[in-house]
Each structure stands twice: as structure tokens, then as C-alpha cells.
Amino acid sequence: MYDMSKKMSRMISLLVLPQQQQIYPCRLPTIHTRAANSVSESQRKWKIGFKAPRRLVLGLGASFWSQFMSMPGRARGKYHIALARQKGVIEEVLKNVDWPQQFPFKEEDFQRFDEYNFDFNHPTFDIGLSSLLYIPSKLKVVMCRSPDSLFYDAPRFVTHIDDPAIAALTKYYSKVFPPSNTPGICILDMCSSWVSHFPKGYKQACIVGLGMNEEELKRNPVLTEYVVQDLNLNPKLPFEDNSFDVISNAVSVDYLSKPIEVFKEMCRILKPGGLAIMSFSNRCFWTKAISIWTSTGDADHVMIVGSYFHYSGGFEPPQAVDISPNPGRSDPMYVVFSTKASTA
């Protein structure tokens, strides 16, 4: 059978996502309102004020947002709608959350900008592909995704947040990580690359990196071993139960298209009481971040990551910390963390 989808995916990558040696993440636009106490104004702008390109689905506005805006203590939008850079706001987002019974997101919320629907029978379809590809006559619509393996094929020895944000994350790690060279400690740096932003000179007998590019992982000096794996294709983590004391993920949680599966795996491999740390900013590779991320703002991202911990099960209630070093003057930096329940 002709492998149309694979060839189309490669072609779309060449047409839309030219491979470059140095590609930097972009800053997401701020779509919060300035008024921290105006629910109606916020809801109005969520519905009509943001014009999403192509198919960025505002699933949060339709389901998740409406449920949480009606929670006790949030009726005036005191926390959700305030500017995310206002110190103290982020820490309140996950306090006393009355979570809906069911996971509130839809499948389309985890689609990405590099997913394309092509209707070859549509009269406007003419981008030159007909002369390059064999298209079966009965083919109506093809869904194409630029594969992550292609996007991450070339190593990128760059940092994705600015130096003050990096310093803030490193400082946070120094406060919550087990002391260097603690016997029996094992750490997993998930979605790792050539740098993990761990404290200078930090060492453990077991620090495993899991990422997409082998050349980057080889360059990472803190790792004692590494695994190359695409979590969006295979969310099953290749580790034994109760193996790790800490799992870190720096500025990459927004790329997970199967977050619940991944977070369940995180819970499985963490030791009871083990710590999971998800850090993120407002920068990302726009084409690779999930739709619900690119169509929402910083405080909402905290709630989204918190929901991953909650609905995957086995974690204590998640908490959030704003570690932004210079609000408004450098990249913001947020952490959502939780520990594996002792009974999990």
C-alpha cells in the first residue's frame, strides 16, 4: 500500500518547516486582560478577542475555563485573569481547586500547528504538490503531522530561555534537589538536551536524561546515562517501578501530546514521596506546542499542568511557584510540582 501520509509529512516539513541549524523558541502572545477583577471582560475577550491561526482550538474557553471560573472563591476572577507576572498570582492558582470529575480537555486540544488537513478534491488545493506526489484518485483528506524525529534531527546547542530565567531555575533546583552525591539518589531529566540547568558541579551516581537528540544528550555533562525516545509516539518510560527520587522537565511540558499517559508513567517510576518538577516560561516552538497551550496564557498553563498531575492519579495535590527573576524585564519562569503519594 502506498505510504501517502509519510511522504506528505516529509513534504510538509520541507515546505512549511525548513530545517535550520539554529531555531529559537518564540514568546507566546499575552492574551490575558489587564483587569484582574473583571470576569465578564475576560470571558468576552476569550471568545472574540483572540483570532487563532488555522485551527488553534480554544478548548479551555469552552470547557475547562468555564468550569473553573465558576468555582467557589474564583467568581471574581481574582487569580485566573490577573497578569501572570504579578507576584503572588501564580502561587494561588492551584490552591483549593475543585477539580471536575472528568478530565476537561478534548483530543483537539492536544493537536499542534504542524498538523495539516489536506482535501485534495477541494478546488482551492493547488500548492504544487500534484506534480511532486502520486495522489490516489479516491483520496479525500489526509492528516499530516511533521514528525518530531525530523524536527529534532539536527542538534540545537542553544538555550530556550534567557540567562536570568536560567539562573532562577538553577537556584530553585539547588533548593529542592537532594544534596550532591547523596547515596542511592536517582534523577530523571525528562525531555532533556545538552544542558539541564542543574546547579554547577551537581552530581549523583544516577542522573538519566531522556530526550530526542542523541548528540545533544551526549554533550550534557550532568548526565550519567541517556535514552533517546519520542514520548509523543511512545509515552511508556523504559524504567522500572519506583526507580527515581526526582523527575525534572524544563520548558518542555507544553510539547507533550499525551500528557496523562506520560504523567502516569512518571508516577509509576517515581519512588513514594518522589518529586516531579515541571518548569516552563512563555516561550516555545510554536509549531510543536499543543493547541491548548498556544491559545492560553501563563496562569492557565499552571492550571493545565496541575490538571495533568491531578488526573493521572497517584500524586499529591500539585503546587505552583513563580520564580520569575525580573517580572516584565526578562523571561518569566514558573514551576508546577508534586510528589508521589506514599500510597500510590
Side-chain angles (χ1 to χ4, degrees), residues 25-28 59-60 64 84 90 93-94 103-105 109-113 148 151-152 159-161 165-166 168-169 172-173 176 187-193 195-198 209-212 229-235 237 244 246-270 274-315 318-324 331-340:
C26 63
R27 180 177 284 112
L28 291 177
L60 195 65
F64 193 64
I90 292 297
V93 171
L94 293 174
F103 188 54
F105 297 117
D109 292 324
F110 300 98
Q111 291 179 349
R112 307 182 314 199
F113 194 82
D148 291 340
F151 184 82
Y152 293 104
T159 53
H160 297 176
I161 47 179
I166 291 173
L169 180 59
Y172 178 80
Y173 282 157
V176 300
I187 296 177
L188 172 64
D189 187 33
M190 199 166 65
C191 302
S192 187
S193 65
V195 60
S196 297
H197 306 312
F198 287 8
L210 186 149
M212 287 289 294
Q229 181 172 325
D230 184 348
L231 293 176
N232 289 337
L233 288 180
N234 178 19
L237 296 174
F244 292 93
V246 178
I247 296 177
S248 61
N249 183 325
V251 295
S252 294
V253 68
D254 46 323
Y255 303 125
L256 297 177
S257 61
K258 300 176 182 178
I260 296 300
E261 291 91 330
V262 171
F263 274 61
K264 285 181 178 180
E265 281 292 287
M266 287 164 48
C267 185
R268 178 183 66 80
I269 67 174
L270 273 174
L275 176 65
I277 304 168
M278 304 291 111
S279 61
F280 49 91
S281 184
N282 64 352
R283 289 184 176 272
C284 68
F285 293 115
W286 180 272
T287 60
K288 290 297 178 183
I290 57 173
S291 174
I292 196 65
W293 196 274
T294 56
S295 59
T296 55
D298 294 349
D300 310 300
H301 297 161
V302 171
M303 186 65 79
I304 291 168
V305 177
S307 76
Y308 296 165
F309 279 115
H310 175 79
Y311 290 102
S312 61
F315 286 102
Q319 301 178 56
V321 182
D322 185 350
I323 61 172
S324 303
D331 289 342
M333 202 66 211
Y334 312 114
V335 172
V336 175
F337 68 93
S338 183
T339 56
K340 180 176 177 176

(message) Minimum heavy-atom separation for Pro318 and Ser338, please, with both atom names.
(response) CA-CB, 4.1 Å
(message) On a heavy-atom basis, which atom in Gly209 and which in Ser192 lie closest, and how many Å separate them?
(response) CA-CB, 4.0 Å
(message) Within this structure, what is the NE2-OG distance for the pair His197 and Ser248, rounded to the nearest 0.5 Å?
(response) 10.0 Å
(request) Could you tell me the separation between the CG atom of Leu210 and the CD atom of Gln229, rounded to the nearest 0.5 Å? (result) 5.0 Å
(request) Please lay out, stage by stage, how Phe263 and Val253 fare under the test side chain to side chain contact (heavy atoms under 4.5 Å, CB included). (result) CA-CA 10 Å; Phe263 274 61; Val253 68; 4.2 Å; yes
(request) Could you check if a side-chain atom of Ser279 sits within less than 4.5 angstrom of a side-chain atom of Tyr172, using non-hydrogen atoms only? (result) no
(request) Please step through side chain to side chain contact (heavy atoms under 4.5 Å, CB included) for the pair Gln319 and Leu94, ending with a clear verdict. (result) CA-CA 6 Å; Gln319 301 178 56; Leu94 293 174; 5.7 Å; no
(request) Could you tell me which non-hydrogen atom of Gly313 sits nearest to which non-hydrogen atom of Cys267, and how far apart they are? (result) O-SG, 3.7 Å
(message) Quiz question: by atom type and distance under 3.5 Å, do the side chains of Ser291 and Asp109 form a donor-acceptor pair?
(response) no
(request) Hey, could you give me the CE/CD1 distance between Met278 and Ile304, rounded to the nearest 0.5 Å? (result) 15.0 Å
(request) Check whether any side-chain N or O of Asn234 sits under 3.5 Å from a backbone N or O of Leu231 as a donor-acceptor pair, and report yes or no. (result) no
(message) Looking at every non-hydrogen atom in both residues, tell me the closest pair between Ala299 and Val93 and how far apart they are.
(response) O-CG1, 3.9 Å
(message) Ile90 and side chain to side chain contact (heavy atoms under 4.5 Å, CB included): which single residue from Ile323, Val335, Val336, Asp322 fits?
(response) Asp322
(message) Suppose we screen for ring pair (Phe, Tyr, Trp, His ring centres under 6.0 Å). Which residues come up paired with Phe337, at least two apart in sequence or across chains?
(response) none
(request) Determine, stepwise, if the pair Tyr255 / Trp293 fulfils ring-ring contact (aromatic ring centres under 6.0 Å, His included). (result) CA-CA 9 Å; Tyr255 303 125; Trp293 196 274; 8.7 Å; no
(message) Using 0.5 Å steps for rounding, measure from the CD1 atom of Ile247 to the CD1 atom of Ile277.
(response) 10.0 Å
(message) Donor-acceptor pair, distance only, cut-off 3.5 Å: does the side chain of Ser281 make one with the backbone of Asp331?
(response) no
(request) List for me each residue that meets ring pair (Phe, Tyr, Trp, His ring centres under 6.0 Å) alongside His310, sequence neighbours excluded, and say none if there are none. (result) Trp99
(message) I'd like to know if Lys264 pairs up with Glu261 as an ion pair, taking the criterion as any Lys NZ or Arg NE/NH1/NH2 lying under 4.0 Å from an Asp or Glu carboxylate oxygen.
(response) no
(message) Rounded to the nearest 0.5 Å, what separates atom OG in Ser196 from atom CG in Asn249?
(response) 10.5 Å
(request) State, without any angle test, whether Ser257 and Asn232 hold a side-chain donor-acceptor pair at a distance under 3.5 Å. (result) yes
(message) Looking at every heavy atom in both Ile161 and Met333, which two are closest together, and how far apart are they?
(response) CD1-SD, 3.7 Å
(message) Between Arg268 and Leu237, is the side chain to side chain contact (heavy atoms under 4.5 Å, CB included) condition met? List the steps.
(response) CA-CA 9 Å; Arg268 178 183 66 80; Leu237 296 174; 4.2 Å; yes
(message) So which atom in Pro332 and which in Tyr334 form the shortest heavy-atom distance, rounded to 0.1 Å?
(response) CB-OH, 3.3 Å
(message) Strictly distance-based, threshold 3.5 Å: is any side-chain N or O of Ser252 a donor or acceptor partner for the main-chain N or O of Ala250?
(response) yes
(request) Please check if the side chain of His301 supplies one atom and the backbone of Thr296 the other of a donor-acceptor pair under 3.5 Å. (result) yes
(message) Going by ring pair (Phe, Tyr, Trp, His ring centres under 6.0 Å), name the residues that satisfy it together with Phe244, two or more places apart in sequence or in a different chain.
(response) Phe239
(request) Check the angle between the aromatic planes of Tyr308 and Phe105 and answer parallel, tilted or perpendicular using the 30° and 60° thresholds. (result) perpendicular
(request) Kindly determine whether Phe110 and Leu256 satisfy side chain to side chain contact (heavy atoms under 4.5 Å, CB included), including the steps that lead there. (result) CA-CA 8 Å; Phe110 300 98; Leu256 297 177; over 6 Å; no
(request) Output the distance between atom CE (Met266) and atom CG (Leu188), rounded to the nearest 0.5 Å. (result) 8.5 Å
(message) Taking Leu270's backbone N and O only, do any of them form a donor-acceptor pair with Lys340's side chain (distance below 3.5 Å, no angle check)?
(response) yes
